[in-house]
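Have a look at the structure below before the remarks.
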2 protein chains.
Amino acid sequence: MASPTEENYLKALFNLKDEEGKVSISELSSTLEVSMPTANSMVKNLLKKGLIIYEKYKPIELTEEGKKMAALVIRKHRLTEMYLAEKMGFGWEEVHDIAEQIEHINSPIFFERMDKLLNHPKIDPHGSPIPNAQGIIADLKHKPLNEHKPGDAVKLAALAHSSTEFLDFLNSRNLKLGTEINVISVEPFDGSMVVSYNDRKSEGLSAKVCERLLVEFL
Amino acid sequence: MASPTEENYLKALFNLKDEEGKVSISELSSTLEVSMPTANSMVKNLLKKGLIIYEKYKPIELTEEGKKMAALVIRKHRLTEMYLAEKMGFGWEEVHDIAEQIEHINSPIFFERMDKLLNHPKIDPHGSPIPNAQGIIADLKHKPLNEHKPGDAVKLAALAHSSTEFLDFLNSRNLKLGTEINVISVEPFDGSMVVSYNDRKSEGLSAKVCERLLVEFL
DNA sequence: GTATTTAGTTAGATTGATATAACAAATGTT
DNA sequence: AACATTTGTTATATCAATCTAACTAAATAC
Ligand SMILES: [Mn+2]
Ligand SMILES: [Mn+2]
Ligand SMILES: [Mn+2]
Ligand SMILES: [Mn+2]
């Protein structure tokens, strides 16, 4: 079985591939906050276990087996986040740090029970898809808000990144998954947008925020 | 902070003291399923950290600080067991193994939330007391069933040991916490008892079972 | 196209948790 | 009391996960 450390590496490799395409040793080491030699030696270890494909100085790739294991760790993480939010009343900004630890619990019945109690949720509290028990992840291909134009009416469906700071920001603006947003204008200079939602007639959102808000058409 | 390994040692020291009085290296090593040199070196480590009192060849004792830390780990364990049983529908025979892992999660808000959602439970699913947040444990001084005599009417309040096998046995006899038991007779030869409870008019229980059933007078 | 910078690797050390082998102390038995 | 058994200790080794220092390959800049 994979140790907690190995699970964290697999998860990081999976997520970085999604976000950045190719994955390098330096990205891995900074993501996991370890030194490059540490990441390098774990990469050799994962290679030996057949979970990645790797040649010196080349990008790191997960094998099919590695992908599946990564997806199952991500499943444990996201199910936990959903459980914490839905059944224990935690805010979406609180769940990640706890899930980062609980994802390493080795107990299939525990996570199956969460899944059942939650009625087999498809997404976590940040709108990210929960892989199924076979390690298959739905691709929910939402578009970021900044790709929309004035007049578009959309619904907040997910977040591209979900740092605590960003989630606190969204809380302060009362933005939640499901919030219906109308695009009023786009500032060509800096890509910021003016939108309305709920009873807020005119809210300015920076380009950085708009890129991270993943929405679907209404 | 204490590592998961250190937490397991503290917990074992605390529980063994309760069950056996003095705690030796060999008891510790067999309880934790490690070699004696391993237990010996961890004892040195805990000594250095001021969590135990120890002199070569003498019994091991927890310091006040060690006792408090042990009690807080036990609190996390028993709160988790109660949460799993009450909120997630696990049987009392399923909760220990999961709690053995979750007890090492480092997140005060997580365990405080469990405590709150459970309405500050005083006991775990096996009737053992849950230490409070200050590390104080109530002494519920129940007596084992085998110390009772024919004619006594008692209520099952806790279990002296709670191995999966024993819990499976109790399930098979439909014995639960709260079950009201009437002592019909005691066999002087082997200490076995005949009792009645619910609609069972005459159930034989071995001495071994009767020692482990902790009851209170009705 | 050489020089500089960045990224990656190797070597070597450390720490925590574990083990086995060998020996020593304490305890139990006759 | 002597011997045998059990318990505990020390010495030494391994393994996973980490680090720093030194070096090398690749990428970028000029
Ligand atoms: Mn998360
Ligand atoms: Mn993690
Ligand atoms: Mn337990
Ligand atoms: Mn444990």
With the side chain counted from C-beta on, respond yes when A:Met88 and B:Tyr83 share a heavy-atom pair under 4.5 Å apart, and no when they do not.
yes
Would you classify B:Ser35 as touching base, sugar-phosphate or nothing, given that sugar-phosphate means primed atoms plus P, OP1 and OP2, and contacts are heavy atoms under 4.0 Å?
base
Contact boundaries of DNA chain D with chain A (under 4.0 Å, heavy atoms), 5' to 3'?
D:dA17 to D:dA26
Sequence neighbours left out, what pairs pass salt bridge (charged side-chain N to carboxylate O under 4.0 Å, His left out) with at least one residue falling in residues 8-18 of chain B?
B:Lys11-B:Glu100, B:Lys11-B:Glu103, B:Lys17-B:Glu61
B:His104: which residues meet the ring pair (Phe, Tyr, Trp, His ring centres under 6.0 Å) condition with it, sequence neighbours left out?
none
Which pairs of donor and acceptor atoms, one on a side chain in residues 47-54 of chain B, lie under 3.5 Å apart (sequence neighbours left out)?
unit_1: B:Lys49; atom_1: NZ; unit_2: B:Glu6; atom_2: OE1; d: 3.3
unit_1: B:Lys49; atom_1: NZ; unit_2: B:Glu6; atom_2: OE2; d: 2.6

Any salt bridge (charged side-chain N to carboxylate O under 4.0 Å, His left out) involving residues 138-150 of chain B? Give me the pairs, sequence neighbours left out, ordered by first then second residue.
B:Lys149-B:Asp152
Assess whether a salt bridge exists between B:Lys67 and B:Glu64, defined as any Lys/Arg side-chain N lying under 4.0 Å from an Asp/Glu carboxylate O.
yes
Name the nucleic acid region contacted by A:Ser26, choosing base, sugar-phosphate or nothing; use a 4.0 angstrom heavy-atom cut-off, strictly under.
sugar-phosphate
Working note: B:His96 + B:His77, criterion ring-ring contact (aromatic ring centres under 6.0 Å, His included); need CA distance, chi angles, decisive distance, verdict.
CA-CA 8 Å; B:His96 177 82; B:His77 182 100; 4.8 Å; yes
Just to confirm, is there a sub-4.0 Å distance from OP1 or OP2 of C:dA7 to any side-chain nitrogen or oxygen of A:Ser24?
no
Whole-Å distance, B:Met36 CE to C:dT18 P, equals 16 Å
Is the phosphate of C:dA17, meaning OP1 or OP2, less than 4.0 Å from a side-chain N or O of B:Ser3?
yes
Hey, are B:Asn171 and B:Trp92 close enough side-chain-wise for a donor-acceptor pair under 3.5 Å?
yes
For DNA chain D, which residues of residues 39-63 of chain A approach it to below 4.0 angstrom with any heavy atom?
A:Ser41, A:Met42, A:Tyr57
For B:Pro4 and for B:Pro37, find the nucleotide of DNA chain C with the closest heavy atom, then tell me which residue's nucleotide is more 5'.
B:Pro4
